[in-house]
Amino acid sequence: MPISAVDLENAIRAAMPVTHLEIEDTSNGCGENYSVFVVSQAFEGKNTLARHRFINEVLKNEIAQMHAFSQKTLTPAQWEAQIAKQTS
Amino acid sequence: MSAAPGNFHEVQSPEHFQALLSEDLNRVSLINFWAPWAEPCKQMNEVVLELAKKYPQILVLQVEAETQSDISESFEVEAVPTFVILRGHTLLGRISGADAPALTEAIAIHVRGPSSINPQSHTDRAPAAAPASAPAESPEELNERLRKLMNQDKVVLFMKGSPDQPRCGFSRRIVDLLRSQGVEFSTFDILSDESVRQGLKVLNNWPTFPQLIINGEFVGGLDVVKEMVDNGELKELLA
């Protein structure tokens, strides 16, 4: 059965504090390819690989049922900085 | 005549004939060379149809001998009915004339497979070992080999295909990304070596490819590397 964006959101929110979350079904509604963007305090102090491994672990069961999965991770501080740069 | 099952075909041309035979070179086929003017063929055609129903695993080809003269000639069919039994393209047997019991028995024997045929000789020797592409490796030997591969250069990319001919979108994108960042790297095509492919997934605890290695250490896949370009981590690692 395909994974829904709600499933992913619930799993992520249950595992870490979420400042900002975007989930996109990149398989045109088929529920097979997802791209997630997560901003969380939980990423503070973790390098990129560690953050990605963390998400992979949290969404292990869901990812196993997908064809493709991509992610982008930021700490709240990094996200604020990104927004500031974009709006300046 | 009752409805024909899916494995029964009336051959329309030599190309049609070849195409059907080539679908499965392990499959037994029965070719029935017949003619509408030959009375014995009428009965044998019914027998053939029954055999097709009874043995769905065989291919049954009905060839009208005179209209399909190319095919008849290639099998040297001089009279109808003639039955030719093949496995793939190999001749297993041939029956001339309307001999229903002989045909039925022949099909039954060949369908059972070569193992039911009494061998003419026995041997206890194991078959010759296949030419080894690589001798059997212990996990330690494999990991040793993986570490050597990971250290063959400062930056090593394990990908599907080669940088100029990537075999997957993610591999292609990471190659483009590294090149755009001016990073020099060597590559290894994990499609060419299944033990490396599976071994790296375990060693690096990462389920997918591409995998980027810097200074002998696993750094990440496409997403991770993309982020590291954005946040400056990659530059730091390569400094």
Side-chain angles (χ1 to χ4, degrees), chain A residues 3 8 12 16 19-28 30 32-86, chain B residues 146 150 154-161 166-178 180-181 183 185 190-191 198 200-239:
Chain A
I3 298 290
L8 293 176
I12 293 171
M16 67 194 83
T19 303
H20 182 76
L21 179 60
E22 288 174 34
I23 299 177
E24 192 190 336
D25 179 339
T26 54
S27 58
N28 294 319
C30 292
E32 291 169 354
N33 301 349
Y34 280 99
S35 181
V36 305
F37 174 39
V38 188
V39 180
S40 169
Q41 192 57 33
F43 297 139
E44 200 71 52
K46 289 192 167 67
N47 72 5
T48 310
L49 177 58
R51 299 177 191 186
H52 283 236
R53 281 202 200 271
F54 181 44
I55 292 281
N56 285 352
E57 190 57 39
V58 167
L59 296 178
K60 191 160 60 171
N61 295 330
E62 290 79 2
I63 293 174
Q65 297 178 58
M66 293 177 205
H67 282 326
F69 175 74
S70 68
Q71 54 170 298
K72 196 161 154 55
T73 58
L74 288 179
T75 61
Q78 287 174 322
W79 189 52
E80 308 266 311
Q82 185 178 284
I83 292 179
K85 234 193 317 187
Q86 282 169 351
Chain B
L146 293 178
M150 284 166 53
K154 174 166 176 171
V155 181
V156 182
L157 177 67
F158 289 87
M159 64 181 288
K160 295 186 178 177
R167 303 280 223 108
C168 125
F170 295 127
S171 287
R172 184 177 49 75
R173 280 152 62 187
I174 204 174
V175 165
D176 289 345
L177 183 60
L178 291 171
S180 73
Q181 296 295 308
V183 177
F185 59 99
I190 53 101
L191 293 177
Q198 299 309 329
L200 281 177
K201 287 184 190 178
V202 173
L203 184 64
N204 293 327
N205 190 19
W206 194 261
T208 53
F209 290 94
Q211 290 188 11
L212 186 67
I213 314 293
I214 299 182
N215 295 323
E217 282 194 15
F218 174 68
V219 158
L222 175 61
D223 281 348
V224 173
V225 173
K226 250 202 306 194
E227 256 191 61
M228 287 171 65
V229 167
D230 289 341
N231 65 22
E233 253 182 80
L234 187 68
K235 217 177 230 131
E236 276 179 38
L237 263 186
L238 291 170

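Every chain is numbered from 1, with letters handed out A, B, ... down the list of sequences.
- Looking at A:Asn47, the atoms closer than 4.5 Å to chain B (heavy atoms on both sides) sit in the backbone and in the side chain alike.
- Against chain A, the residues from residues 205-218 of chain B that qualify, each with a non-hydrogen atom under 4.5 angstrom away, are B:Asn205, B:Trp206, B:Phe218 in number order.
- In this structure, B:Asn231 CG and A:Gln82 CD are separated by 10.5 Å, a value rounded to the nearest 0.5 Å.
- Heavy atoms of other residues, nucleotides or ligands lying less than 6.0 angstrom from NZ of B:Lys154 number more than 12.
- Along residues 220-227 of chain B, the residues that come nearer than 4.5 angstrom to chain A, judged on non-hydrogen atoms, are B:Gly220, B:Asp223, B:Val224, B:Glu227 in order of number.
- Heavy-atom neighbours of A:His20 NE2 from other residues, nucleotides or ligands within 6.0 Å: above the threshold of 12.
- Remark: A:Thr48 OG1 to B:Met228 CE distance equals 5.5 Å, nearest 0.5 Å.
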